[in-house]
There are 2 protein chains.
Amino acid sequence: MIPQSEPPTEPMSKTRLRLWLKLLKTSGRIEAELRRRLRDEYATTLPRFDVMAALSRFPNGLKMSELSDLLRVSNGNVTGIVDRLTNNGHALRVAVPGDRRAQLARLTPAGQVAFTKLAQAHEAWLDELLQGLDADDAAILHTLLGKTERETNAQ
Amino acid sequence: MIPQSEPPTEPMSKTRLRLWLKLLKTSGRIEAELRRRLRDEYATTLPRFDVMAALSRFPNGLKMSELSDLLRVSNGNVTGIVDRLTNNGHALRVAVPGDRRAQLARLTPAGQVAFTKLAQAHEAWLDELLQGLDADDAAILHTLLGKTERETNAQ
DNA sequence: GTATAAAGTTTTAGATATAAAATATATTGA
DNA sequence: TCAATATATTTTATATCTAAAACTTTATAC
């Protein structure tokens, strides 16, 4: 066996740090582009789009706390976003029969129409922004991202 | 050739949309955990860490606009973060000889010491949070993430 | 049955984020 | 030189975001 003087390999922690920076840069770049297009083309924001997407999946409405849990944002935050959607005419608050503490947030008909357009644009934008990845790439990437779970106790 | 009735395949745009949601969820989960640890263990924030990291790479200081470009955040934003770092004793502003419009932000000695500790903790946290990925996984992931570039005109 | 605890939401305080206006300084061109 | 323009930063207005306090309503314990 011939002794080889190998090039010193990078410690694994440095490799993971570089990977994280790449991951952060990638998601940040795409997210910034989505925010820009939502603002410029539809005069809305990503948090509002996220809330509308959640409400769209539950036509009967969601309690503020349910929205907060689903989107993993704070309770107080949801209040402000739903406020703005309400001022917009895209959402409204409905009383919960039998519990005067709670309220349901729901999309208005105008909100549903608006969200349908937003969702189509959103999907088309991502199809464009992720052109560089084919079906195989996407499958591998999805799997590898899944391998990072279970290291944080948050689900 | 035998005709096969294949299962209907998902349109590529849906695949890319699901991938994006996974990417967003992954980076959000890790970022939230980093923010939590920076706050709980070091009483600081991710934006301040990012600014300190940039200043640490340039011991002679960076102009506010250079910081803004490097970190890709708005000019007004950098002002506030450097303000807080300055109040903290971790940064200071230095006049630029020959241009009274500009100022350099620099780490103080205390800021350099603090950042060294933060950076070590940060690298160790990521090593932990990305345990699920070995060196091969990381290399593949890094490459696939790279394939998403060049679709947005932002560098 | 009332005191206490729990649940649901909003409000508050502080930090971050952008875009756009305002301020101050430099540079340029006639 | 001096007006016009460009550069560098801060300020302002608005929107997010969290944690924690405040408030209302409901449920529970005794």
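In the text below, chain A, chain B and the rest are named by the order of the sequence lines, each starting its count at 1.
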A:L85-A:L104 co-clustered via ILVMFWY side chain contacts under 4.5 Å: no

Of A:E66 and B:G76, the one whose closest nucleotide on DNA chain C sits nearer the 5' end is A:E66

Closest to the 5' end of DNA chain D, once A:R100 and A:L46 are matched to their nearest nucleotides, is A:L46

Side-chain atoms of A:R101 come closest, of D:dT24, D:dT16, C:dT16, to D:dT24

Taking D:dT10, C:dA15, C:dA19 as options, the one with an atom nearest any side-chain atom of A:R39 is C:dA19

Of the options D:dT10, D:dT18, C:dT18, whose atoms approach the side-chain atoms of B:S74 most closely? C:dT18

Under 4.0 Å between a side-chain N/O of B:K63 and OP1 or OP2 of D:dA8, yes or no? yes

Distance in angstrom units between B:H90 NE2 and C:dA15 P, rounded: 15 Å

Atom CD of A:Q103 and atom C1' of D:dC23 are separated, to the nearest Å, by 14 Å

On DNA chain D, does the nearest nucleotide to A:D99 precede the nearest nucleotide to B:N77 from the 5' side, or the other way round? Give the residue. B:N77

Presence of B:S65 side-chain N/O under 4.0 Å of D:dT9 phosphate oxygens OP1/OP2: yes

Using the side-chain heavy atoms of A:R48, tell me which of these nucleotides is nearest: C:dA15, D:dA15, D:dT10. D:dA15

Can you check whether B:R84 has a side-chain N or O nearer than 4.0 Å to OP1 or OP2 of C:dT16? yes

From CG of A:L104 across to C1' of C:dT9 the rounded distance in Å is 13 Å

